[in-house]
Each structure stands twice: as structure tokens, then as C-alpha cells.
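Structure, as C-alpha cells:
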Amino acid sequence: MIAENVLRIKKRIEEICAKLNKDAAQISIVAVSKGRTVLEIEEAINAGLTNIGENKVQEAFVKYNQLFGVSQKPITDNLKPIRYHMVGHLQTNKVKEAVRMFELIHSVDSARLAAEINKEAKKLNKIQDILVEVNIAKDPDKFGLSPQQVQETIKEMSYFKNIEVKGLMTIAPVVDNPEETRSFFRLLRELRDNLKPITHNLLPILSMGMSDDYEIAIEEGSNMIRLGRAIFEQRG
Ligand SMILES: *Cc1c(COP(=O)(O)O)cnc(C)c1O
């Protein structure tokens with residue numbers, strides 16, 4: 001089932017990209033595997049996915065050790081390296097473990113958290129790639145910076161030598177009709193585009209779009225979609 005889901009998703013992405021005159025290879029799929037077993041994750045990897053995302057450090061840690069073992073190499077026979085992503089809210093006291101495991105942390109929503117990540121990354125001699133999470137719909141129940149705070153916060157983060165801000169991430173509000181998410185995705189892309197001149201950094205990654213709205217997110221400029229149910233559950 002997972003393999004079929006992945007095939008169907010890739011086909012959809014190709015159709016959308018063909019219409020947009022874009023290269024489908026530019027769209028990264030992060031398989032968000034919270035609540036899924038290591039076996040399911042391996043199925044996703046065997047279906048060709050190379051980006052695995054988790055939303056809790058503790059759960060990620062257990063699976064990471066099973067998946068990568070002490071060798072830190074995936075136990076699956078896959079020639080492509082597996083990249084591990086943190087997509088959920090990150091608490092300061094979990095930063096140390098997070099920096100050891102994750103190639104990209106999508107959910108950085110304060111300069112204070114970035115400072116902590118910078119500190120731990122420095123100890124490991126690592127440049128930690130991060131995304132800045134934006135609460136684009138200004139939902140009081142969601143994490144993320146308000147759009148107005150983003151420019152100033154990225155400026156503060158630019159002083160940290162062991163982190164690199166690679167782009168922006170958002171979680172769209174839950175809506176009845178996925179079409180209603182379009183304006184939020186567009187806002188995030190515009191926010192990123194307007195930041196370009198001040199950051200000297202292209203902020204190449206826009207992490208937006210989940211199982212119900214990834215098609216719209218891609219149409220609005222997403223190049224990293226985070227899919228859970230679309231990959232791991234029976235659809236259609
Ligand atoms: C769970 C989760 C996803 C995936 O959600 P689906 O709707 O199952 O695709 C994406 N991003 C974050 C931050 C998540 O926690």
C-alpha cells in the first residue's frame with residue numbers, strides 16, 4: 001500500500017509540475033512518520049523516499065537508533081542517503097538530541113531556540129540547517145513567528161555561525177475545502193520573496209503542504225511537502 005501511495009503521489013506531483021513548467025525533481029517529499037513503525041518507514045524508503053520526518057524528539061530517537069543503528073547508516077539497502085527531519089515543535093531541553101539526529105529542523109520559531117541550536121551544533125562541529133516556522137494564519141493555537149517578526153528574527157539568527165537558515169515553513173489552517181489554504185501558501189511565498197534582499201541568502205526551501213493540501217502548496221511555490229496520511233494510510 002505504501003509503495004502504491006508513493007507512486008500515486010509522485011505521479012500527481014509530476015502532473016502539477018508539468019502544468020507549472022517546473023521540474024518535479026525539485027519537490028522534496030518528507031515522509032512524516034509520527035506514530036508509524038520502523039517497518040512502515042522502511043517500506044517508504046524502499047518505495048524511493050529519502051526524507052523522513054518526525055514531530056517528537058523522543059519518538060524520533062527510538063526509531064533513529066533502530067533505523068540507523070550505531071553505524072548511523074540506514075539498514076535498508078538504499079544507495080541514497082536518508083535525511084532525517086524534525087517537523088514538530090522543538091523544546092529547548094531537546095535541542096541537544098535533535099542536533100545529533102536531524103539534518104533539517106523545520107520548526108524554529110524564536111531567536112532563543114536558534115541560539116540553543118547554535119550552541120549544541122557548535123559542540124558537534126556541525127552547521128545545523130533550519131527553517132523558520134511562520135504562523136501565517138496567525139492562529140493563536142499554533143506555533144510559529146508572526147509574519148511581521150520574521151525579518152527581524154532572521155537577522156538575529158544570522159549572527160549564529162553554526163546554524164544556517166534555509167527557508168520558511170508553515171502549517172496551513174485546517175479547512176473544509178483545501179482551496180482555502182491557497183492564500184496562506186501564497187502569503188508565505190511572498191514573505192520569502194520579500195526577504196530575499198535583506199538576507200543575502202536565498203532561503204531556497206519553502207516547507208508547506210500536507211496530505212490534504214500539498215497540490216495547492218506546490219502550485220503556490222512549495223518545494224518541500226510534508227506527508228503523513230497520504231503515504232501511510234489507505235486513500236481514495
Ligand atoms: C503530522 C504532520 C504532518 C503530516 O500530516 P498529514 O496531514 O498526515 O500529511 C506534516 N507536518 C507536521 C508539522 C506534522 O506534525
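Start at 1 and go down the list; that is how both ligands and their atoms are numbered. Only a predicted model underlies this, so the values are computations on that prediction, with no experimental measurement involved. What you see below is based on every heavy atom in this structure, not just the backbone, and it leaves out hydrogens, waters and symmetry mates.
Using a 4.0 Å cut-off between charged nitrogen and carboxylate oxygen, Glu220 and Arg186 count as a salt-bridge pair.
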Under 3.5 Å, which donor-acceptor pairs link side chains of residues 27-36 to any protein atom two or more places apart or in another chain?
| from | atom 1 | to | atom 2 | distance (Å) |
| --- | --- | --- | --- | --- |
| Ser33 | OG | Gly53 | O | 3.2 |
| Ser33 | OG | Glu54 | OE2 | 2.6 |
| Arg36 | NH2 | Glu233 | OE2 | 3.1 |

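Residues passing the ring pair (Phe, Tyr, Trp, His ring centres under 6.0 Å) test with Phe143, sequence neighbours excluded: His89. With sequence neighbours excluded, the residues satisfying side chain to side chain donor-acceptor pair (under 3.5 Å) with Lys119 are Glu116.
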Take Lys142 and Glu133, measure what salt bridge (Lys or Arg N to Asp or Glu O under 4.0 Å) needs, and give me the verdict at the end.
CA-CA 10 Å; Lys142 282 217 175 80; Glu133 181 171 356; over 6 Å; no
Output, or 'none' if empty, a list of ligand 1-protein atom pairs in which both atoms are N or O and the distance is under 3.5 Å, rounded to 0.1 Å.
| from | atom 1 | to | atom 2 | distance (Å) |
| --- | --- | --- | --- | --- |
| ligand 1 | 7 (O) | Arg229 | NE | 3.2 |
| ligand 1 | 7 (O) | Arg229 | NH2 | 2.7 |
| ligand 1 | 8 (O) | Arg229 | N | 2.8 |
| ligand 1 | 8 (O) | Arg229 | NE | 3.2 |
| ligand 1 | 9 (O) | Ser211 | N | 3.0 |
| ligand 1 | 9 (O) | Ser211 | OG | 2.5 |
| ligand 1 | 9 (O) | Gly228 | N | 2.8 |
| ligand 1 | 11 (N) | Arg226 | NE | 2.9 |
| ligand 1 | 15 (O) | Lys34 | NZ | 2.8 |

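If you check the side chains of Gln128 and Lys126, you find a donor sitting under 3.5 Å from an acceptor.
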